[in-house]
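Chain naming here is simple, since letters A, B, ... match the order of the sequence lines and numbering starts at 1 in each. All values reported here derive from a predicted model rather than from experimental measurement.
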Protein chains: 2
Amino acid sequence: MTQATRRADTDRAIRAQARALLVRDGPQAVTLRAIAREMGITAPALYRYYASHDDLIEHLRADVCEDLAAELARDLAELSEDDRTGQVMAVCRGFRRWALAHPQEFVLVFASPSEATSNCPAGPNGADVPMDSFGRIFLSVAGGVLASGPLVVPQDRDVPPSLAADLTAFRGELLRVIAESGVEVPEERLGLGTAYVMLQAWVRLYGQVALEVFGQFPFPVTDPEPLFESMLADLLREVGLGEDGLHE
Amino acid sequence: MTQATRRADTDRAIRAQARALLVRDGPQAVTLRAIAREMGITAPALYRYYASHDDLIEHLRADVCEDLAAELARDLAELSEDDRTGQVMAVCRGFRRWALAHPQEFVLVFASPSEATSNCPAGPNGADVPMDSFGRIFLSVAGGVLASGPLVVPQDRDVPPSLAADLTAFRGELLRVIAESGVEVPEERLGLGTAYVMLQAWVRLYGQVALEVFGQFPFPVTDPEPLFESMLADLLREVGLGEDGLHE
DNA sequence: CGGGTGAGTAAACGGTGTTCACAAGAGCTC
DNA sequence: GAGCTCTTGTGAACACCGTTTACTCACCCG
């Protein structure tokens with residue numbers, strides 16, 4: 001009994017220490033020797049828990065993602081089940097708030113050019129890999145929106161044919177995750193056009209947040225929040241979600 | 001005479017070797033010892049030319065940035081002076097191509113959470129800092145577009161009042177840089193709505209490219225290029241630039 | 001109680017950036 | 001041309017890093 005819990009405990013301690021180093025000194029400071037040093041053990045001991053430095057970093061990424069997901073879930077719990085627009089805004093604002101509060105984690109998870117670990121649901125061998133809980137929350141909110149009414153989306157025949165294959169796969173993944181989250185969405189309401197619009201929304205949300213985190217707006221921004229709220233309002237208006245429950 | 005030229009020569013050789021390693025073996029292979037080894041000298045000799053490894057990388061980054069600007073300028077030179085849509089597409093595609101080919105420079109320049117190096121035209125002390133040649137090319141193309149005709153933009157009174165101050169400053173910066181590039185743009189054609197649209201275009205371009213570089217699309221993308229082209233076509237259509245000269 | 005298993009250690013290898021004292025040479029001055 | 005200086009490069013060393021290997025030690029199970 002204790003043999004497994006003790007192992008789990010030190011495993012947690014390792015990742016906690018790695019997390020602390022990440023927050024305190026940046027991604028390049030989270031090194032095996034530093035973790036071990038801070039824990040009072042030696043570096044090779046860590047190999048009892050992780051196959052390599054990269055392996056540990058990968059698990060750290062997953063941890064950070066789960067924390068983000070938990071934060072978003074907490075925000076969503078405070079909203080009415082029927083307030084679809086509010087849910088979308090909560091998730092988008094939560095993503096921004098988290099990214100600004102934890103820039104190092106944001107870099108690690110969302111802005112690291114690692115070929116190995118992307119957040120795609122399919123691994124390099126093509127086998128399915130469980131989507132992270134962060135993406136699942138996003139998609140469950142999207143599922144609720146789709147269940148409560150259609151969005152303003154382009155016709156399926158208007159999306160470029162060269163995207164059809166990938167978007168069809170994405171659509172399948174969407175339906176799968178949405179079904180898992182317990183929401184009923186008629187298949188015909190989630191066409192290629194809908195999948196395309198969701199992708200474009202992600203592009204804009206991600207771009208806006210990343211630009212803010214990295215300070216790469218083309219001019220000095222005195223208060224980035226109205227900028228974000230404006231983009232969010234544009235986004236919601238364009239997909240047909242009313243401006244009820246507007247911020248401020 | 002030779003004392004300075006010889007120094008400049010080896011300096012060039014160092015950066016050429018660094019560049020070669022970058023291209024051949026990836027970003028983490030461009031190490032001081034590897035450069036020296038490949039050049040037949042020892043690592044400490046490099047400290048006669050650069051204060052540190054970071055310093056050398058920084059200069060390498062500047063080199064690559066200049067290459068990006070030169071690349072964009074070359075692409076633009078092949079187009080007719082009047083092909084505004086083509087110019088915008090060339091600049092956007094060039095930015096994407098460069099980012100994918102040099103992800104580490106992209107990270108350093110456009111995805112580093114350092115407050116120090118932002119691309120804002122105003123430094124930390126508020127003094128003006130010369131905008132990099134990359135931004136200048138972007139804005140000169142924008143100037144040409146605005147000079148040749150109005151865009152489809154929201155009314156100035158439709159942009160949120162909380163953004164007015166920052167957008168006005170951005171508008172002034174735009175007019176300044178555009179005037180420097182030799183293009184005549186009537187001031188009344190560059191209103192707050194136009195500045196806002198340009199900002200939104202940057203958000204989408206940046207978001208799309210960053211997502212691709214970091215592999216953070218929510219589904220496996222077999223060929224990212226059609227995705228980018230589709231986003232670009234959407235962008236051009238929405239701002240009123242026709243779909244003449246369409247790709248493919 | 002004894003054997004096996006798993007956690008942790010020490011030592012070592014090859015790699016890295018960086019510093020320092022020192023040698024060789026080019027160039028300038030007298 | 002002799003001497004002096006200033007630059008350029010070297011070699012050794014230091015402090016890190018990831019990783020492997022052989023080893024110890026404690027604990028758990030039969």
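Judged by the 6.0 Å and 45° rule, B:R93 forms no cation-pi pair with B:F228.
Listed candidates were C:dG8, C:dG17, C:dT19. Nearest to the side chain of A:A45 is C:dG8.
The CD1 atom of B:I35 sits 15 Å away from the C1' atom of C:dT18 (whole-angstrom rounding). A straight line from CD of A:E58 to P of D:dG18 spans 17 Å, rounded to a whole angstrom. Atom C1' of nucleotide C:dG8 and atom CG of A:D11 are separated by 16 Å, given to the nearest angstrom. With rounding to whole Å, A:I14 atom CD1 is found 10 Å from C:dA7 atom P. Per the geometry, CG belonging to B:D54 stands 13 Å off C1' belonging to C:dT16, to the nearest Å. Atom pair B:D55:CG and C:dT19:P shows a separation of 12 Å (rounding to whole Å applied). For the pair B:M39 CE and D:dT8 P, the interatomic distance rounds to 13 Å; values are reported in whole Å. One atom, CZ of A:R6, and another, P of C:dG6, lie 13 Å apart when rounded to the nearest Å.
The pair A:E66-A:R61 fails the salt-bridge criterion, with no side-chain N (NZ, NE, NH1 or NH2) lying under 4.0 Å from an Asp/Glu carboxylate O. With respect to the salt-bridge test (charged N to carboxylate O, under 4.0 angstrom), the residues A:D9 and A:R6 do not qualify. Ion pairing between a basic and an acidic side chain is recognised when a charged N comes within 4.0 Å of a carboxylate O; A:E180 and A:R176 show such pairing.
At the heavy-atom level, A:Y50 lies nowhere under 4.0 Å from the strands shown.
Residue order along DNA chain C, read from the 5' end via each residue's closest nucleotide, puts A:T42 first among A:T42 and A:R33. Remark on DNA chain C: of its neighbouring residues A:A43 and B:A34, the 5'-side contact belongs to A:A43, judged by nearest-heavy-atom nucleotide. DNA chain D is contacted by both B:T10 and A:R37; B:T10 maps to the nucleotide lying nearer its 5′ end (nearest heavy atom per residue).
In this structure a side-chain-to-backbone donor-acceptor pair under 3.5 Å is present from B:Q216 to A:V109.
Between A:Y47 and D:dT19 there is a side-chain N or O to OP1 or OP2 distance below 4.0 Å. Between C:dG17 and B:T31, a contact under 4.0 Å exists linking OP1 or OP2 to a side-chain N or O. Side-chain N/O atoms of A:Y49 include one lying less than 4.0 angstrom from OP1 or OP2 on C:dG8. At the phosphate of C:dG6, neither OP1 nor OP2 sits under 4.0 Å from any side-chain N or O atom of A:R7.
One donor-acceptor pair, N or O on each side, does fall under 3.5 Å between the base of D:dG9 and the side chain of B:R48.
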